[in-house]
**Q** 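Have a look at the structure that comes next, please.
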Protein chains: 2
Amino acid sequence: MDNIDLETVNRVKPKMPDTTLLYELSDFFKLMGDSTRIQLLWALEENEMCVGELALLLNMTKSAVSHQLKTLRSAKLVKAQKRGKNVFYALSDHHVRTVLEMALEHVCE
Amino acid sequence: MDNIDLETVNRVKPKMPDTTLLYELSDFFKLMGDSTRIQLLWALEENEMCVGELALLLNMTKSAVSHQLKTLRSAKLVKAQKRGKNVFYALSDHHVRTVLEMALEHVCE
DNA sequence: ATTATAGTTGAACAACTGTTCAACTGTCAA
DNA sequence: TTGACAGTTGAACAGTTGTTCAACTATAAT
């Protein structure tokens, strides 16, 4: 006696995402799953800004902001450009806006 | 002497999301930021399934699956229905599919 | 050259997260 | 009623994550 429908399981199994894609997907969502990083992306959608400006805007230390920018940068979501003493950050991927808007639609209902 | 452009900061500040929305957004992304939960949602997009079937499909213990289903359920992303000895889970929000597809598009490039 | 500012870095710490394990509830069959 | 199965639950554990702190590099101004 077995309450499991093996047919269903076997039909769905090949439709599951492969491991690589799966981890890319969850890594992307993990990246967005932090309020500081969302704020950074949100702000940079308005204007490129340097670390000090972002720190002032979010009321955080430059160190904390810099750490998170590094994370976003290594995920290729933002890019950095040094000008004089400052390092200016800007969005490098305009997919970000779309995904944020989709999530907003989901959350606001 | 101050290298910060206060005008930019003051212009962007009012455009930032308020605290509540911010946390709703990041909580939603946190929810998607786990490969097990993505697999569960992905599978349930194909068919409602009971805990045992999902555990078999993902090659995990029923306990682990149950814990994650509880998380998804309290976020209203899935709903449960008891039938006999089994508890069948199904998607309760078809926004999920859209968001997953958007993220897929982002990741696959 | 010296000093001050902008930003980065790594270690440390606390908080959080996902899985496991064992004990438990509830349902069906014999 | 007894036993087996389906699922849930909470505690415990290890692994991860975000911020802080202090030390550091690099650029610009005097």
Side-chain angles (χ1 to χ4, degrees), chain A residues 1-6 8-9 22-23 25-41 44 48-75 77-90, chain B residues 1-6 8-9 22-23 25-41 44 48-75 77-90:
Chain A
M1 194 207 74
D2 197 349
N3 270 32
I4 282 180
D5 182 356
L6 271 177
T8 304
V9 174
L22 189 59
Y23 283 116
L25 265 177
S26 59
D27 283 351
F28 171 71
F29 283 121
K30 263 187 205 111
L31 214 62
M32 308 290 283
D34 174 74
S35 55
T36 299
R37 288 193 291 270
I38 291 188
Q39 287 185 94
L40 288 172
L41 295 171
L44 293 178
E48 68 162 20
M49 283 189 242
C50 65
V51 179
E53 288 164 353
L54 289 165
L56 177 60
L57 182 67
L58 305 198
N59 193 32
M60 293 179 65
T61 65
K62 278 183 276 191
S63 176
V65 168
S66 178
H67 276 298
Q68 295 297 7
L69 285 170
K70 189 181 189 180
T71 304
L72 291 173
R73 199 182 172 189
S74 66
L77 292 188
V78 305
K79 58 190 170 191
Q81 189 195 5
K82 183 145 193 172
R83 292 207 297 271
K85 251 192 291 192
N86 297 298
V87 179
F88 284 87
Y89 282 85
Chain B
M1 192 207 74
D2 198 349
N3 270 31
I4 281 181
D5 182 356
L6 272 177
T8 303
V9 174
L22 187 59
Y23 284 115
L25 265 178
S26 59
D27 283 349
F28 171 70
F29 284 121
K30 263 187 207 112
L31 213 63
M32 308 289 283
D34 174 73
S35 55
T36 298
R37 288 192 292 270
I38 292 188
Q39 286 185 93
L40 288 172
L41 294 170
L44 293 178
E48 67 162 19
M49 283 190 242
C50 65
V51 178
E53 287 164 353
L54 289 165
L56 177 61
L57 182 67
L58 306 197
N59 194 31
M60 294 179 64
T61 65
K62 277 182 277 190
S63 175
V65 169
S66 178
H67 276 298
Q68 295 299 5
L69 285 170
K70 189 182 187 179
T71 304
L72 291 173
R73 198 182 172 188
S74 66
L77 292 187
V78 305
K79 58 191 169 189
Q81 189 195 4
K82 183 146 194 173
R83 294 209 294 272
K85 251 193 292 193
N86 297 298
V87 179
F88 284 87
Y89 282 84

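Because only heavy atoms are used, hydrogens play no part in the values below, and waters and symmetry mates are left out as well, while side chains stay in. In what follows, every chain begins at residue 1, and chains take the letters A, B, ... in the order their sequences are listed.
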**Q** Tell me which nucleotide among dT20(C), dA28(D), dG18(D) gets nearest to the side chain of K85(A).
**A**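 Comparing dT20(C), dA28(D), dG18(D) against the side chain of K85(A), the answer is dA28(D).
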
**Q** Please pick, from dG7(D), dT17(D), dA26(D), the nucleotide with the shortest atom-to-atom distance to any side-chain atom of N86(B).
**A**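 Of the candidates, dG7(D) comes closest.
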
**Q** Between Q39(A) and R37(A), does any side-chain donor sit less than 3.5 Å from a side-chain acceptor?
**A**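 The criterion, which ignores hydrogens and geometry beyond distance, is not satisfied for R37(A) and Q39(A).
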
**Q** Starting at atom NZ of K70(B), determine the distance to atom P of dT8(D), rounded to an integer number of angstrom.
**A**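 That distance rounds to 9 Å.
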
**Q** Which nucleotide, dG7(C), dG18(C), dT27(D), lies nearest any side-chain atom of Q68(B)?
**A**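 The closest nucleotide is dG18(C).
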
**Q** With a 3.5 Å cut-off and just heavy-atom distances, do the side chain of H67(B) and the base of dT17(C) make a donor-acceptor pair?
**A**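 Absent.
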
**Q** For D27(B) and dC16(C), what is the distance between atoms CG and P respectively, to the nearest whole Å?
**A**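 Going from CG in D27(B) over to P in dC16(C) covers 12 Å.
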
**Q** In whole Å, what is the span from the CG atom of L69(A) to the C1' atom of dA6(C)?
**A**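 It works out to 13 Å between those atoms.
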
**Q** Just the rounded figure in Å: distance from C1' of dG18(D) to CD1 of I38(A).
**A**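 In whole Å, dG18(D) C1' lies 14 Å from I38(A) CD1.
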
**Q** Looking across every strand, which nucleic acid part, if any, lies under 4.0 Å from Y89(B) by heavy atom: base, sugar-phosphate, or nothing?
**A**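 Sugar-phosphate: the residue Y89(B), judged by heavy atoms under 4.0 Å, touches backbone atoms but no base.
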
**Q** With distance as the sole criterion, do the side chain of S63(A) and the base of dC21(D) form a donor-acceptor contact below 3.5 Å?
**A**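 Yes.
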
**Q** Which listed nucleotide (dG7(C), dT20(C), dC5(D)) is nearest to the side chain of V51(A)?
**A**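 Per side-chain heavy atoms of V51(A), the pick is dG7(C).
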
